[in-house]
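Protein chains get the first letters and strands the later ones, always in sequence-line order, with residue 1 at the start of each. No hydrogens, no waters, no symmetry mates; every other heavy atom, side chains included, goes into these values.
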Protein chains: 2
Amino acid sequence: MATKGITNRQRIIEAADRLFYVRGYNRTSFSDISDATGLPRGNFYYYFKTKEDILDAVMDSRVESFGQMLKACTQATDDPHARLLAFVRQPLQNEQVLQYGCPFGTLSAELGKSPSAEASRAQITAVFDVLRHWCAGQFGALGVTPARADQLALELLARMQGMTLIASIYNDREFLQRTGAGIESWLDEIIKHEVQA
Amino acid sequence: MATKGITNRQRIIEAADRLFYVRGYNRTSFSDISDATGLPRGNFYYYFKTKEDILDAVMDSRVESFGQMLKACTQATDDPHARLLAFVRQPLQNEQVLQYGCPFGTLSAELGKSPSAEASRAQITAVFDVLRHWCAGQFGALGVTPARADQLALELLARMQGMTLIASIYNDREFLQRTGAGIESWLDEIIKHEVQA
DNA sequence: TTCAGACTCGGACAATCGTATGACTCCACT
DNA sequence: AGTGGAGTCATACGATTGTCCGAGTCTGAA
């Protein structure tokens, strides 16, 4: 019953996810997804009423995959500092980041430009809030006030977004590594100056 | 003769520039530009052979406008440090940056995703090179080595891109101001530690 | 064995896309 | 006065878009 259906639905999401990432949302057509999955165009309507529904499913998928990544960072160690370091190192190892940028950052830049982007914008911020709150939680566990922890979380995300954007524009692996190291030492400084041991 | 023609051509470029910025390149159609200018769709072909030609003209226009901005920063003072400060403060005063992000950053994120984006990518890097070389020039004038100046220039651009992206996602004016101030004090630190007075 | 419903398929819908053309107006110049 | 080219305009092309549907297949339950 709902077994094969879910499989195909998942196949659509995965193909759309990759295409949205590589080609962008607007430049990806149903035909593209059809070619990638082998499923006929008309079949999509059975699972998703509109293209935006596919986008929603893709974003949910990315949120979940990022959630698992954060979970892995959380479970790897009890030290919030080490957790943040693991989080920062994540994009440095990912080869595709160099080519296509951050899956969330680029999508946000694309979807942020909409006629009345109430729905999209809310979804984008919700996505970033996942990262934001996780980072803020780690900073908070280090002993800074919640307000300051949120500030630091935003600054960390901004640094990482800028890093991935510039790195992908210039396709510069060395810059990616160097800036990643810079963020790591910035984290060290933060902890050294703001955290009472 | 070529007077009214240039006027209309300019009108197309300006309308396309604004639309590409607000709605994105892919989501902007000839009809949109037609509505914005009042000029019939078919007329565009007289000035531009393809949509990408319009994009080229728009990017040239943005490069020139950024060039003038850099020129203003250069002429304002002889002190490279003050010049860099003026450059950093530029997006903080621009209201639209909060809504739509950096005109180059968002466009780069959008155009970076192309089938075989040889042409677009080259143009994007050329655009960023303008900023990169100017910043590197200022750092160089402060006395650091050319290689180090280029590194600092890239890092500055990355920080500003990350700042504008996060600020536009959350529409957070306070974050924009705070992070801008953070970049300024980072500049102070750089100069204090790396420049021999 | 039958049947309802989950699922699949190919095609077609209207709309819009970017592109293109041919006839038109206007003005500078001879 | 008349010619030629710059500029303007309405229109329409083929292709593709996202959407949608009717008919079909398959399968588990009755």
Enquirer: Given atom CZ of B:Arg11 and atom C1' of D:dT8, what is their separation to the nearest angstrom?
Expert: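 Rounded to whole Å, this separation is 12 Å.
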Enquirer: Rounded to the nearest Å, what distance is computed from the CG atom of residue B:Asp53 to the P atom of nucleotide C:dA20?
Expert: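 My rounded result for the distance is 11 Å.
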Enquirer: Just the rounded figure in Å: distance from P of D:dC20 to OH of A:Tyr46.
Expert: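 Between P of D:dC20 and OH of A:Tyr46: 17 Å.
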Enquirer: Which nucleotide in the set D:dT19, C:dC17, C:dT19 lies at the smallest distance from any side-chain heavy atom of B:Arg41?
Expert: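 Nearest listed nucleotide: C:dT19.
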Enquirer: Is there side-chain contact between A:Tyr170 and B:Leu154, with heavy atoms separated by less than 4.5 Å?
Expert: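 Side-chain contact under 4.5 Å: yes.
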Enquirer: Relative to each other, are the rings of B:Phe30 and B:Phe44 parallel, tilted or perpendicular (30° and 60° limits)?
Expert: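 Plane angle between 30° and 60°, so tilted.
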Enquirer: If I take atom CD1 in residue A:Ile33 and atom C1' in nucleotide D:dT16, what distance separates them, rounded to the nearest angstrom?
Expert: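 A:Ile33 atom CD1 is separated from D:dT16 atom C1' by 15 Å.
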Enquirer: Considering just the side-chain nitrogens and oxygens of A:Tyr45, establish if one lies under 4.0 Å of OP1 or OP2 belonging to D:dC20.
Expert: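 Looking at the OP1 and OP2 atoms of D:dC20, one of them is under 4.0 Å from a side-chain N or O of A:Tyr45.
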Enquirer: Check the distance between D:dA15's C1' and B:Lys51's NZ and give it to me in whole angstrom.
Expert: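 Checked: the NZ to C1' distance equals 15 Å.
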Enquirer: In whole Å, I'd like the distance from the CG atom of A:Asn26 to the C1' atom of D:dT17.
Expert: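 Atom CG in A:Asn26 sits about 12 Å away from atom C1' in D:dT17.
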Enquirer: Which atom names give the shortest non-hydrogen contact between A:Thr164 and A:Cys102, and what distance separates them?
Expert: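 Of all heavy-atom pairs spanning A:Thr164 and A:Cys102, the closest is OG1-CB, 4.0 Å.
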Enquirer: B:Asn43 side chain N/O closer than 4.0 Å to the phosphate oxygens (OP1, OP2) of D:dG7?
Expert: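 For D:dG7, neither OP1 nor OP2 has a side-chain N or O of B:Asn43 closer than 4.0 Å.
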Enquirer: Report the distance from atom CD1 of A:Ile12 to atom P of C:dC7, rounded to the nearest whole Å.
Expert: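 Roughly 12 Å, once rounded to whole Å.
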Enquirer: Base, sugar-phosphate, or nothing for A:Ser34, non-hydrogen atoms under 4.0 angstrom?
Expert: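 No contact.
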Enquirer: Indicate whether OP1 or OP2 belonging to D:dT17 is found under 4.0 Å from a side-chain N or O atom of A:Ser29.
Expert: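 A:Ser29 to D:dT17 OP1/OP2: side-chain N or O found under 4.0 Å.
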Enquirer: Check the phosphate of C:dC17 against B:Ser31, side-chain N and O only, distance under 4.0 Å to OP1 or OP2. Yes or no?
Expert: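 Checking C:dC17 against B:Ser31, a side-chain N or O does come within under 4.0 Å of OP1 or OP2.
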Enquirer: Could you pull out the closest heavy-atom pair between A:Arg148 and A:Ile190, with the gap in Å?
Expert: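 Heavy-atom minimum between the residues: NH2-CD1, 4.5 Å.
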Enquirer: Which whole-number value in Å describes the distance from B:Tyr47 OH to D:dG7 P?
Expert: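 Value for this atom pair: 6 Å.
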Enquirer: Indicate the atoms forming the closest heavy-atom contact of A:Met59 with A:Leu107, along with that distance.
Expert: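 Closest approach of A:Met59 to A:Leu107: CG-CD2, 4.1 Å.
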